[in-house]
Structures are given as structure tokens and as C-alpha cells.
Amino acid sequence: MRKTLIASAIGAAIALSACSKPAEETKNSAAVEQTQAAAPATEQAAVSNPLLVKSTLQYEAPEFDKIKIEHYQPAMEEGIKQHMAEILTIAANKEPATFENTIVAMEKSGELLTRASSTFFNMTGTISNDEIQKIQSEMAPKFAAHSDNINLNPELFARVKAVYDARATLGLDGEATRLVEDYYERFVRAGANLTEEQKTKIRALNEEQSTLTNKFQQNLMAMKDQIAVYVDTKEELAGLSEAEITAAAEGAKAKGKEGKFIIEITNTTRQPALASLENREVRKKVWEASAYRGTSGETDNQPIVARLAQLRAERAKLLGYDNWALYQLEPTMAKTPKAVLDMFSSMVPAVVANTKKEAEAIQAMIKETGGDFELQPWDWEFYAEKVRKAKYDLDEAQVREYFEFERVLNDGLFYTMNKLFGITMKARPDLPVYHPDVKAYEVFDADGKSMAIFYADYFARDGKRGGAWMSSFVEQSKLLNQKPVVVNVMNIPKGPAGEPTLVSYDNVTTMFHEFGHAVHGLFSDVNYPTLAGTSVSRDFVEFPSTFQEDWAAHPDVIGNYAKHYKTGEPIPAELLAKIMKSRSFNQGYDTLEYMSSALLDMEWHSLPADAPLQDVQKFEAAALKKHGVDLAAVPPRYKSTFFAHVFSGGYSASYYAYMWSEILAADAFAYVQTQGGLKLENGINFRKNILSIGNSKDPMEAYKAFRGQEPTTDALLIRRGLKTGIN
Ligand SMILES: [Zn+2]
């Protein structure tokens with residue numbers, strides 16, 4: 001049984017957001033369990049359903065040429081049956097519990113379920129249709145029940161506990177010890193050690209939490225229609241493009257308000273339309289609709305927020321923690337809320353100072369363009385856009401001419417990976433793929449040995465979920481004799497038929513980012529599948545990927561691939577400088593609004609169980625003030641009443657994780673530059689200490705082994721243009 005089994009049960013919701021950055025990138029962490037102990041399948045069954053037997057392709061790559069949609073559900077259902085039988089056998093073993101007959105046996109269990117579900121969950125994001133969605137919703141409760149049947153099995157837990165209690169005397173190596181601890185902690189964190197009475201309480205709290213988070217989400221959906229802003233005349237939309245105005249008219253008509261124009265409210269406090277709307281009154285209306293949502297009427301989320309914070313604290317107390325944040329952070333790299341707060345407070349002065357400078361430039365622009373008022377939150381985007389245009393107007397179309405897809409991939413990304421890690425990529429058109437746009441590669445190590453399969457699925461199409469992510473079809477494991485089979489998925493718009501695809505610079509860095517997750521999977525070198533590759537804590541998983549982003553602009557790399565698609569001329573230095581400069585524009589604001597939300601999240605979940613229900617508005621204001629981030633013109637990216645990550649998603653006390661990973665990435669990248677930059681020695685160090693170990697070591701220890709010291713926030717501030725660097 002793998003930790004990811006739990007993820008598969010909670011389904012797409014958690015797994016798909018596992019690596020989602022504040023910008024929309026997402027990663028489908030290998031959402032399934034992984035195992036071996038083969039259940040013999042008859043040859044006849046194999047003929048009728050290829051998922052029932054191991055693939056005969058290299059590294060057990062899925063046989064996409066044989067698998068049909070109707071094969072998934074029966075294979076997963078049979079997989080659950082077989083896995084449960086294996087688990088019950090392990091739990092009922094009359095022999096005393098040992099590492100081998102309990103922990104290793106669980107690592108080996110569920111082979112069929114792993115194979116069928118890992119392939120299926122990859123398809124749900126890449127070639128989805130009604131049929132696949134139907135299977136998905138039918139299987140979700142079955143996976144949930146399957147997880148509960150394992151996690152709540154007292155005989156199984158007793159055996160895991162026996163191994164855990166004896167672990168120091170069993171002669172286990174570091175990885176095996178960590179595996180035992182990982183299993184034990186997962187059971188305990190689910191409540192396995194509690195008395196029956198306490199378990200009943202936990203179940204009641206879980207149920208209440210599930211009802212409240214559901215209601216929070218439903219309120220958000222319901223209020224979407226209520227808070228949309230309508231205007232009567234086209235003139236009030238001045239600043240929007242003709243296409244946007246037409247869409248606004250059609251949108252209003254669809255809602256039964258023909259003749260009016262609709263401005264829909266998107267999920268963050270900041271609204272895209274605010275950058276263009278010239279009418280200040282309309283801007284104010286839009287901003288207020290966004291910022292005050294969920295604070296009144298039938299969709300008031302305030303009581304839900306207050307009670308959720310309280311009940312999570314109660315749940316934490318039952319499990320032996322002073323507050324929910326302590327419980328949530330225990331298995332992470334940060335470990336404690338204090339570490340997170342220290343990290344943020346070390347950044348606040350630089351971030352606030354930069355934001356104030358940005359505000360001054362905006363205030364000056366207001367004056368320059370004839371305005372006689374003080375900057376308000378609904379003005380920021382509009383005048384920031386004017387400042388941006390004046391400072392560095394970039395012609396996106398011109399930029400893209402220097403980023404032709406094949407060059408970016410081969411002479412940029414694969415080139416960098418070759419210089420850094422020595423690996424080479426060989427196209428394997430003979431391997432079956434799940435869509436004609438997908439390309440299969442075999443990965444060869446520096447010594448020429450074959451090591452993995454990589455699928456590249458870069459282009460946008462119908463049926464593909466938005467965003468970008470990495471996922472696994474087969475996870476590396478020495479125990480199971482498995483090599484990695486991984487995929488990168490993106491949504492790059494394909495060039496017109498017969499013409500090259502030109503890529504935006506954002507998408508170029510995303511290609512590097514996702515391949516950073518890919519090498520985390522490809523270089524995994526552990527025994528146990530539970531600890532393999534990207535199975536690391538949430539505040540660590542974006543580190544290897546973000547680390548790779550900055551190579552895209554590195555002088556040793558960019559000169560090799562950023563060439564005009566027609567003339568082959570290298571990108572002009574001034575244009576490149578402009579791209580880089582424009583990327584650090586408005587970073588004070590971006591960083592501050594994110595930090596404010598992350599701090600809010602941490603404050604809500606630092607309340608003790610005996611704290612009374614809070615007044616949401618007062619609590620929010622006090623929390624922001626306490627941390628010195630209460631700038632009126634820069635509200636949190638999400639306010640409590642629509643902070644879905646933490647009040648209806650899986651990110652409670654975890655929203656900080658995105659920035660924590662980025663701090664590691666920036667610090668590591670800056671360090672590598674002091675060690676000679678793009679060269680094999682640096683790649684070897686990164687691979688050995690970070691990429692190959694998966695979750696087999698403590699992440700901070702791993703980081704120190706790579707870096708020689710703990711990370712600081714300096715490089716991140718420099719990366720975001722909030723501090724001047726020395727190098
Ligand atoms: Zn990522």
C-alpha cells in the first residue's frame with residue numbers, strides 16, 4: 001500500500017492540485033498506489049483486457065495500442081479486490097510481524113490496481129471525455145472505501161506498530177527505517193492510536209468538516225452568479241477589447257439579461273478586467289464584488305470559516321497537537337509553523353519596501369494622466385499596466401519568433417539536461433502512445449545505459465485539462481525491479497498546419513519546470529515505491545522543478561536555442577534584457593498578496609482548540625497587522641471567505657508551501673552559479689543529494705548535503721527583483 005493510495009481515494013482534487021502554483025500550473029502526482037505481488041491472470045483474460053497482465057513493452061510502458069476505455073473500470077475493480085485480499089492476508093498472518101512480512105509485503109501488494117489506476121488517472125487529465133468522467137465518478141467512492149478499509153484495519157495497524165516499536169533492533173538501513181516510520185505515522189495521523197471514544201469524536205469532526213468544506217465550495221459556486229457585475233452601456237466597458245465587449249454582451253444574454261453587459265468575477269481578489277477598465281466607478285464595483293464576496297446573505301462563508309478553524313483545532317487536540325498547523329506541518333520540510341513564520345518575516349521588509357515603491361510609481365502615473373485621487377486597490381492593476389507599458393512594453397509576438405518549439409525542446413531543454421546530467425533522449429516512435437501528438441523517448445544515462453521512458457505531451461487539445469504537470473505511469477523501485485516511465489503534459493497552442501510552433505517565454509520556462517519534475521522521477525534510485533521520486537512533502541516537491549526554470553535564460557543555454565525561427569539569428573540582447581526585466585515587474589505586489597494569504601492561512605490554523613469562534617473580519621485585519629502586511633492597496637490574494645485552497649481544498653496550513661519550494665530553488669540555483677554553473681559536477685551533486693533520494697531522507701538534511709548549509713531567502717528576493725544581487 002502506498003501513501004499515494006490515499007491520494008487516489010481523495011481523487012483528482014488533491015492529486016491534481018498537488019503541485020499547482022499560484023499561477024495555474026498543476027502536477028498530477030502519481031496518484032495511485034504501486035505494488036507487485038502479481039495475481040495470476042489467465043491468458044484469456046489478458047486477451048480480453050490488456051490491463052490485467054504486466055505490459056511486455058520496455059519498462060512496462062502501457063500498451064496504449066491495446067488498451068480501450070472499457071478496460072479500465074473492470075481492471076480497477078478487480079485490482080481493488082485483489083489488493084484487499086492481499087492486505088487481509090498480511091493482517092491475518094499468524095507469524096510475528098516483521099519488516100518483510102508486513103511492510104515489504106504491503107509495498108509489494110496491489111500490482112494490478114497500481115497499473116490500471118495509474119494509467120487511468122493519467123488519461124483523465126489528457127484525453128478526458130464523458131465516458132472517462134463517468135468511470136471517474138463511479139470509482140471515486142470505491143477508492144475512498146478501499147483506503148478506509150486499509151487505514152482503519154486494527155490488526156494491520158497492530159502489525160505495523162509492532163515493527164515500528166522494534167525498528168531500532170531490526171538492523172534496518174536508513175531508507176527502510178524511514179519507510180517504517182512513514183507507514184506508522186500515516187496510520188497514527190489518521191487516528192489509529194486513539195480510543196474508540198476518541199475515534200468516534202474524530203469521525204464526527206471529519207464528517208462535520210466534510211459538510212462544511214462542501215458547503216463552502218457550494219456557496220462559492222452559488223455566489224458566482226450573484227456577484228457578477230452588470231453594466232447597462234458599452235461606454236462603461238471602455239478599455240476592454242471589442243471581442244471582450246461582445247463576450248460580455250453574450251454572457252449577459254445567456255443569463256437572461258439581454259442588452260446588458262456582464263463582468264464575471266474570477267477566483268482571486270484581483271480581477272483581470274481591472275487592468276483595462278477605464279471607468280473608475282465600474283472598477284470599484286468589480287473590486288468590491290470580488291473582495292466582499294461570501295460575507296453576507298445566504299452564501300455567507302464567515303460562520304463556516306470560523307467553525308472550520310475551530311474544529312480543525314479540536315481534531316488536532318484529539319491527535320495530540322496544540323493546533324492544526326502543528327499537525328499539518330509535522331511531516332513537511334518546514335516541520336513547524338514557527339519555521340514558516342520566520343521565513344516570511346525575514347522577507348517582509350524587502351517585500352513591503354518594494355511594494356511601496358511600486359505604489360509610488362502608480363500614484364505618480366495617476367497624477368500624470370490627470371487623476372486627482374489616492375490609489376485604491378481597484379486602481380492598482382489599471383495604472384500598473386500603464387507603468388509597465390511605459391517602462392518595458394514587450395511585443396509578445398516578436399518574442400515568440402525566437403522560441404520555436406523544436407529548438408526550445410532539443411537545443412534548449414534536452415541540451416541543458418545533457419550538460420547538467422549527461423543524459424540523452426532518443427525518440428522511440430515504435431512505442432505506442434495515447435494520442436498522435438504524444439512523443440515517446442528513451443532516456444540514456446551519462447554512461448550510455450538505458451534508464452527510463454519519457455512521454456512528451458506538450459500541445460493543447462480538446463479533452464485535456466488546462467495547466468501543466470508531470471505524472472508517472474511506472475514508478476522507480478529496486479524492490480519491484482521497476483524503471484521510471486514518466487510524462488510531461490502542457491497546453492502549448494500548436495502552430496498552424498505545416499508551420500512551426502512558436503512558444504511564449506512563459507511556456508518555455510514551464511517546459512523547463514515540468515522537466516524538473518520529470519528528472520525527479522527519472523533519477524529516483526530507491527528500494528521502496530512509497531518513497532520514490534516525487535513522493536516528497538508538499539513544501540519540497542516544487543523545488544526540483546522551479547530550480548530548472550532559470551536555466552532557460554542562462555547565458556550558456558539561451559545562446560544555444562533562442563534563434564529566430566526564419567533567419568536563425570540569435571535573440572538580440574536588448575530584447576532578452578527586456579523580457580527579464582518585465583518578469584520582475586510588479587513583483588512586490590505579487591509577492592505581498594501571496595504572503596498575506598499564506599500568513600492568514602497560518603494564523604487561522606494556529607488557533608488553539610479552546611479559542612472561541614472568531615469574528616472573521618476582525619481576525620483577518622489583526623492577522624495582517626500583526627505581520628506588518630496590512631497595506632490597504634494590496635489585499636490578500638485570497639481573503640478568508642473565498643480562500644478555497646484552505647477552506648475547501650487540501651491546502652490548510654499549507655499555502656506557504658509554494659514559496660518555501662521557491663526559496664529552495666532560488667537558493668540552490670544561485671549556489672550552483674557560484675560553483676561553475678552549467679556543468680556535470682553540479683548536476684551530479686544535485687542528482688545524488690536531491691533527485692535520486694525521493695523521500696528516503698529528511699529533506700532538510702538532504703538539502704544541507706547538497707548545499708553545505710540551510711537555505712536563506714536572499715536568492716528568492718533577488719530572483720523576484722526585490723533585492724539587488726551580488727552575482
Ligand atoms: Zn510544478
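This one's a predicted model, so the numbers in the text were calculated from it and none came from an experiment. Indexing begins at 1, ligand by ligand and atom by atom, following the structure's order.
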The Zn ion (ligand 1) contact by Glu514, N, O or S atom under 2.8 Å: no
Atom of Glu542 nearest the Zn ion (ligand 1) (restricted to N/O/S, atom name only): OE1
Option among Tyr671, Phe547, Phe523, Tyr703 that satisfies the ring-ring contact (aromatic ring centres under 6.0 Å, His included) test with Phe686: Phe547
Residue that, paired with Lys464, satisfies side chain to side chain donor-acceptor pair (under 3.5 Å) out of Asp457, Asp437, Thr126: Asp457
Arg400 NZ/CZ over Phe403 ring centroid, <6.0 Å and within 45° of normal: no
Metal site angle (apex the Zn ion (ligand 1)), NE2 from His513 and NE2 from His517, 10 degrees: 100°
Pi-cation contact, Tyr415 with Arg407 (under 6.0 Å, within 45°): no
